[in-house]
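Labels below follow one simple rule: chain letters A, B, ... track the order of the sequence lines, proteins then strands, and each chain is numbered from 1.
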There are 2 protein chains.
Amino acid sequence: MNTSERLIQSTRELLWERGYVGTSPKAILERAGAGQGSMYHHFKGKPDLALTAIRRTAEEMRATAEGVLGGPGTPYERIEAYLRRERDVLRGCPVGRLTMDPDVIASDELRAPVDETLDWLRERIAGIVEEGKEQGGFAPDLDGEEVAAAVVATVQGGYVLARASGSPAAFDAGVRGLLSLLGSRTA
Amino acid sequence: MNTSERLIQSTRELLWERGYVGTSPKAILERAGAGQGSMYHHFKGKPDLALTAIRRTAEEMRATAEGVLGGPGTPYERIEAYLRRERDVLRGCPVGRLTMDPDVIASDELRAPVDETLDWLRERIAGIVEEGKEQGGFAPDLDGEEVAAAVVATVQGGYVLARASGSPAAFDAGVRGLLSLLGSRTA
DNA sequence: GTCTATATGACGATAGAC
DNA sequence: GTCTATCGTCATATAGAC
């Protein structure tokens, strides 16, 4: 892996672990095994490198989600598969956690990939719910966008509960709770 | 308000806006209109002041939630009131946001009030769900703890969606989505 | 391209005057 | 109790050698 790529990967890891405000160029360089000069040769500065890293992470998360949501099964099963997919729960969501970062929220450019990713996810799930309504799997009075927002929020909030308690149990409980409500609205 | 109290209030505001890592003693002092000496006279340092501030915020959040959850109405109505209660959605949750702060998670002492508050909230709501099951308002196959986790997660995750998009709409959609699922399980 | 050296200011804390 | 002065370190970036 070349230096530029190592810088991006190190930044992705640190943004996930410590957020934007908590990540210093120095820490990135140490992890990447590079000197100051390399970073400022390949990138304009910390925001530029972070933007590249965030875009990469966002792309990857989208691909992972699509792998489950676009898989086989009924609409309910695909949403269940998304909710139950294996996660490193205590690490939190590498995209969602950035919404708690003041510098990310203050910058339209840094916030954009976060917004686009979560928006895409909600739309994707909303479409699946609508599909389920047509097929008769989901109750026709459900609103796809609303249920999708609840699904994504349960995941994002599940990370919060898990990290607060230091255990993935609360995440899993929330998922089971939502599925128990959703499952009863299926045929 | 005395200096000690001003320091606590300023810290509470900054922790909400910028988190622990993003809040410097200097910023606290400027907002409180105090000098360095005052802070180190009243508190041992940044972690000590932050702990005091977090405990205060946690207490207040608990009281606010109890005001709604302990109010009148059926179990469903009280949970609905909690979910729909007025919030400054784009500011996020002053307690939940701390779970994304690496230094808070790394310190058992700083994490404790966060954990206790969210845990209390889940237990409180779980009890209301169980109450609803006994009264026949909620379907008997529901698990109180699981539904409670889904309720709290929807709120915490709703903040994430709202902040990502820069609009409270996604929070409201998630709440409506969850209520539409929960409402159909009531008598 | 990558490195080290350097600059400027911020971070978190201490010392000691008043 | 509150203030200013000072400290050693880190954050972010630039300069310029190799």
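- Counting only N and O atoms by type, the side chains of A/Arg12 and A/Thr57 include a donor and acceptor under 3.5 Å apart.
- Both the sub-6.0 Å distance and the 45° axial angle are satisfied by A/Lys46 relative to the ring of A/Tyr20.
- A 4.0 Å heavy-atom criterion places the boundary nucleotides of DNA chain C facing chain B at C/dA10 to C/dT14, written 5' to 3'.
- More than 12 heavy atoms of other residues, nucleotides or ligands lie within 6.0 Å of CZ in B/Arg124, so this atom counts as buried by the packing criterion.
- Residues from residues 19-31 of chain A that place a heavy atom under 4.0 Å from any atom of DNA chain D, listed by number: A/Thr23, A/Ser24, A/Pro25, A/Lys26.
- For the pair B/Arg87 and B/Tyr82, the cation-pi test (distance below 6.0 Å, angle within 45°) is passed.
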Give the C-alpha distance, both sets of side-chain angles, the deciding distance and a yes or no for salt bridge (Lys or Arg N to Asp or Glu O under 4.0 Å) between A/Glu5 and A/Arg56.
CA-CA 11 Å; A/Glu5 199 59 29; A/Arg56 193 74 71 80; 2.6 Å; yes
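- Using modelled atom types and a 3.5 Å distance limit, the side chains of A/Arg97 and A/Tyr159 yield no donor-acceptor pair.
- Between the B/Arg163 side chain and the B/Leu90 main chain, a donor and an acceptor come within less than 3.5 Å of each other.
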Below 3.5 Å between N/O atoms, which protein atoms pair up with nucleotides 5-7 of chain D? Just atom names and distances, please.
none

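- Taking all atoms of both residues into account, the shortest heavy-atom contact from A/Leu15 to A/Ala50 is CD1-O, 4.1 Å.
- At a threshold of 4.5 Å between side-chain heavy atoms, the hydrophobic network of Ile, Leu, Val, Met, Phe, Trp and Tyr places A/Leu110 and A/Ile105 in two separate groups.
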